[in-house]
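Computed over heavy atoms, backbone and side chain alike; hydrogens, waters and symmetry mates excluded. All figures in this text were calculated on a predicted structure; none of them were measured in a lab.
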Amino acid sequence: MIKIDHLVKNYGSNCAVDDVSFEVEKGEIVGLLGPNGAGKSTTMNILTGYLSATSGSVSIAGLDVLENPLEAKKHIGYLPEQPPLYLDMTVEEYLIFNYNLKNCKLNRDKHLAEICDVVKITDVYKRVIKHLSKGYRQRVGIAQALIGSPEVIIFDEPTVGLDPKQIIEVRNLIRTLGRDHTVILSTHILQEVQAVCDRIVIINKGKIVADEKTENITRAVENNRRFNLKICGPQKEVLAMLKAKPGIVYAELLAQRDGEAYTYMIESEVGIDVRKSLFYTLAEKNWPLIGMEALGMSLEDIFITIVDQSAPKNRYERKAQRSRNQRSSIETEVAKNMVAKNEKKEAELSDLFDDDKK
């Protein structure tokens, strides 16, 4: 349904989107994640035809957005972060305005009534938009995106500023829409993606750094680094050993206890599997290991890990290191010169005193 192929967008010397490619199948709900400035909004603006790309292509339902913008846009419903509402209009007037703007051919009254029922705004249909709560305004924004029954719906931060009850309602609505539409959801709220999305695409520095089914997103992380261990042995000594063991970056004693065994949580260094060496160490000390459980990573942990792993080696850090090295060598040279000058002065003073003694 959606195909983005080698998409690039430059703003002068700044590359906001750097060779991005991915596809979204019909009926999929895809979460687009990334830190601020990652290129999410630029990608969506190109997808909706609001911006042109520097290079690459975007197609919706087989239609190139650049070559056939009007036809492609007929297949798209878009809700930006700030819903494009005319506050002095009633909900009815606003939806009719959008119906006419989109040149929709469906039966107007029936179509708008169905949309209002889906997004649950029938009870405010005759009210002026500026008198509605933020939650209802967000629903009106979603309603305008659904006019014309587009195959693709794009949401940019749809729950920003909503209270917990409204957030749950909008999430349920997005799930409902996913049955009949292809949905792209861009958000900073990771729980949102976990709750409603079938797939997660993470973008950082303009590049895709992960693209996995929601339940398989941990595959994008090198390996599992956290474990719960049940160990029989003196807890202080066991904990001290775990903290001192090479390859383990964190260890703590948990409250759980199973008979003589205490439970410990450890975290290993990236790329290091400590399980075998830990087993042999415990065997040598005669501290039985009666349980080991790999801990699943939260989406927050996965997101941070992926973004950190994908960050290029910072050239500024390298320049700073070179600068420190240069500064260090300069400071050393200055120190040597100062020592030499002091030695010279001391020699001159010594000669002077020697002359006075004579």
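- Side chains of Tyr264 and Tyr262 form a contact here, defined as non-hydrogen atoms less than 4.5 Å apart.
- Under the 4.5 Å side-chain criterion, counting only non-hydrogen atoms from C-beta, Met265 is in contact with Leu254.
- With respect to the salt-bridge test (charged N to carboxylate O, under 4.0 angstrom), the residues Arg199 and Asp211 qualify.
- Contact check for Pro150 versus His75: no side-chain heavy atoms found under the 4.5 Å cut-off.
- Between Tyr86 and Phe97, the ring planes lie perpendicular to each other; the angle is over 60°, past the 30° to 60° tilted range.
- In plain terms, the two heavy atoms of Ala143 and Leu95 that are nearest each other are CB-CD2, 3.9 Å.
- The nearest pair of heavy atoms linking Cys104 to Gly148 is SG-CA, 3.8 Å.
- Tyr280 OH: 12 or fewer foreign heavy atoms inside a 6.0 Å radius.
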Practice prompt. Check the pair Lys126, Thr90 against side-chain contact (heavy atoms from CB on, under 4.5 Å), reporting the backbone distance first and the verdict last.
Written response: CA-CA 6 Å; Lys126 299 290 184 179; Thr90 65; 5.9 Å; no
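- Considering only residues two or more places apart in sequence or on other chains, Arg257 meets the salt bridge (Lys or Arg N to Asp or Glu O under 4.0 Å) condition with none of them.
- When atom types are taken as modelled, the side chain of His181 and the backbone of Gly27 share no donor-acceptor pair closer than 3.5 angstrom.
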Yes or no on salt bridge (Lys or Arg N to Asp or Glu O under 4.0 Å) for Glu28 and Lys213, after CA distance, side-chain angles and deciding distance?
-> CA-CA 10 Å; Glu28 236 185 340; Lys213 293 286 186 181; 3.6 Å; yes
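- Side-chain contact between Lys276 and Phe279 is absent, with no heavy atoms from C-beta onward closer than 4.5 Å.
- No more than 12 heavy atoms of other residues, nucleotides or ligands sit less than 6.0 Å from atom NZ of Lys285.
- For Asn14, the CG atom is densely surrounded, since the number of other residues' heavy atoms within 6.0 Å is greater than 12.
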Stepwise, does the side-chain contact (heavy atoms from CB on, under 4.5 Å) test hold for Val65 with Ile46? CA-CA 8 Å; Val65 173; Ile46 295 172; over 6 Å; no
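- Note on Ile2 and Val8: separate hydrophobic clusters, where clusters join Ile, Leu, Val, Met, Phe, Trp and Tyr whose side-chain heavy atoms are under 4.5 Å apart, directly or indirectly.
- Of the charged side-chain nitrogens involved, none lies within less than 4.0 Å of a carboxylate oxygen, so that Asp5 and Lys3 do not count as a salt-bridged pair.
- How far NZ of Lys9 is from CG of Asp19: 16.0 Å, rounded to the nearest 0.5 Å.
- Taken together through direct or relayed side-chain contacts under 4.5 Å among Ile, Leu, Val, Met, Phe, Trp and Tyr, Leu185 and Ile168 form parts of separate hydrophobic clusters.
- Between Ser268 and Arg275 there is no side-chain heavy-atom pair separated by less than 4.5 Å.
- No donor-acceptor pair closer than 3.5 Å links the side chain of Arg139 to the backbone N or O of Lys134.
- Summarising the geometry, atom CD belonging to Glu237 is positioned 12.5 Å from atom CD1 belonging to Ile231; distances are rounded to the nearest 0.5 Å.
- For the residue pair Lys245 and Thr281, a side-chain donor N or O sits within less than 3.5 Å of a side-chain acceptor on the partner.
- The two residues Val124 and Val91 have their closest heavy-atom pair at O-CG2, 3.4 Å.
- For the pair Leu132 and Arg127, the minimum side-chain heavy-atom distance is below 4.5 Å.
- Between the side chain of Thr48 and the main chain of Asn45, a donor-acceptor pair closer than 3.5 Å is present.
- The two residues Gly233 and Trp287 make their nearest non-hydrogen contact at CA-CD1, 4.1 Å.
- Taking hydrophobic clusters as Ile, Leu, Val, Met, Phe, Trp and Tyr residues chained together by side-chain heavy-atom distances below 4.5 Å, Leu47 shares a cluster with Tyr11.
- Linking Ile, Leu, Val, Met, Phe, Trp and Tyr whenever their side-chain heavy atoms come within less than 4.5 Å leaves Met44 and Leu63 in two separate clusters.
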Candidate pair Ser149 and His111, rule side-chain contact (heavy atoms from CB on, under 4.5 Å), full reasoning: CA-CA 9 Å; Ser149 294; His111 182 50; 3.5 Å; yes
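- Distance SG/Cys232 to CD1/Ile290: 4.5 Å, rounded to 0.5 Å.
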Quick one: side chains of residues 152-162, donor-acceptor pairs under 3.5 Å with protein atoms, not counting sequence neighbours, listed by atom name and distance.
residue, atom, partner, partner atom, Å
Glu157, OE1, Thr187, OG1, 3.4
Glu157, OE1, His188, N, 3.4
Glu157, OE2, His188, N, 3.1
Glu157, OE2, His188, ND1, 2.6
Thr159, OG1, Glu192, OE1, 2.9
Thr159, OG1, Glu192, OE2, 2.6

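- For the atom pair CG of Leu32 and CD1 of Ile200, the computed distance is 11.0 Å after rounding to the nearest 0.5 Å.
- Evaluation of the side chain to side chain donor-acceptor pair (under 3.5 Å) test over residues 58-71, restricted to residues two or more places apart or in two chains, returns Glu71-Lys74.
- Distance check: Thr43 OG1 to Phe22 CZ gives 6.5 Å after rounding to the nearest 0.5 Å.
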- Decide yes or no on salt bridge (Lys or Arg N to Asp or Glu O under 4.0 Å) for Glu252 and Lys243, but give the supporting numbers first. CA-CA 8 Å; Glu252 70 170 305; Lys243 288 182 175 180; over 6 Å; no
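- Between Glu293 and Lys230 there is no salt bridge, since no side-chain nitrogen of the basic residue lies less than 4.0 Å from a carboxylate oxygen of the acidic one.
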Show which side-chain atoms of residues 114-122 pair as donor or acceptor with protein atoms under 3.5 Å away, not counting sequence neighbours.
none

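- Tyr78 meets the side-chain hydrogen bond (donor to acceptor under 3.5 Å, both in side chains) test with no other residue; sequence neighbours excluded.
- Partners of Tyr125 under the ring pair (Phe, Tyr, Trp, His ring centres under 6.0 Å) rule, at least two apart in sequence or in another chain, do not exist in this structure.
- For the residue pair Tyr94 and Asp88, no side-chain donor N or O sits within less than 3.5 Å of a side-chain acceptor on the partner.
- We find the CD-CD distance between Gln235 and Glu260 to be 13.0 Å, quoted to the nearest 0.5 Å.
- Minimum interatomic distance between Glu267 and Arg226 (heavy atoms only, all atoms of both residues): OE1-NE, 3.5 Å.
- At least one donor-acceptor pair under 3.5 Å links the side chain of Tyr99 to the backbone N or O of Leu106.
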Working note: Glu92 + Ile96, criterion side-chain contact (heavy atoms from CB on, under 4.5 Å); need CA distance, chi angles, decisive distance, verdict. CA-CA 6 Å; Glu92 179 184 23; Ile96 290 174; 3.8 Å; yes
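- Looking at heavy atoms from C-beta onward, Met89 lies out of side-chain contact with Val128 at the 4.5 angstrom threshold.
- Both Val140 and Leu101 belong to a single network of hydrophobic side chains, linked directly or stepwise wherever heavy atoms of I, L, V, M, F, W or Y lie under 4.5 Å apart.
- Residues Leu33 and Val193 are in side-chain contact: their nearest non-hydrogen atoms beyond the backbone lie under 4.5 Å apart.
- Contact between Asn204 and Pro35 at its shortest, heavy atoms only, is OD1-CG, 3.3 Å.
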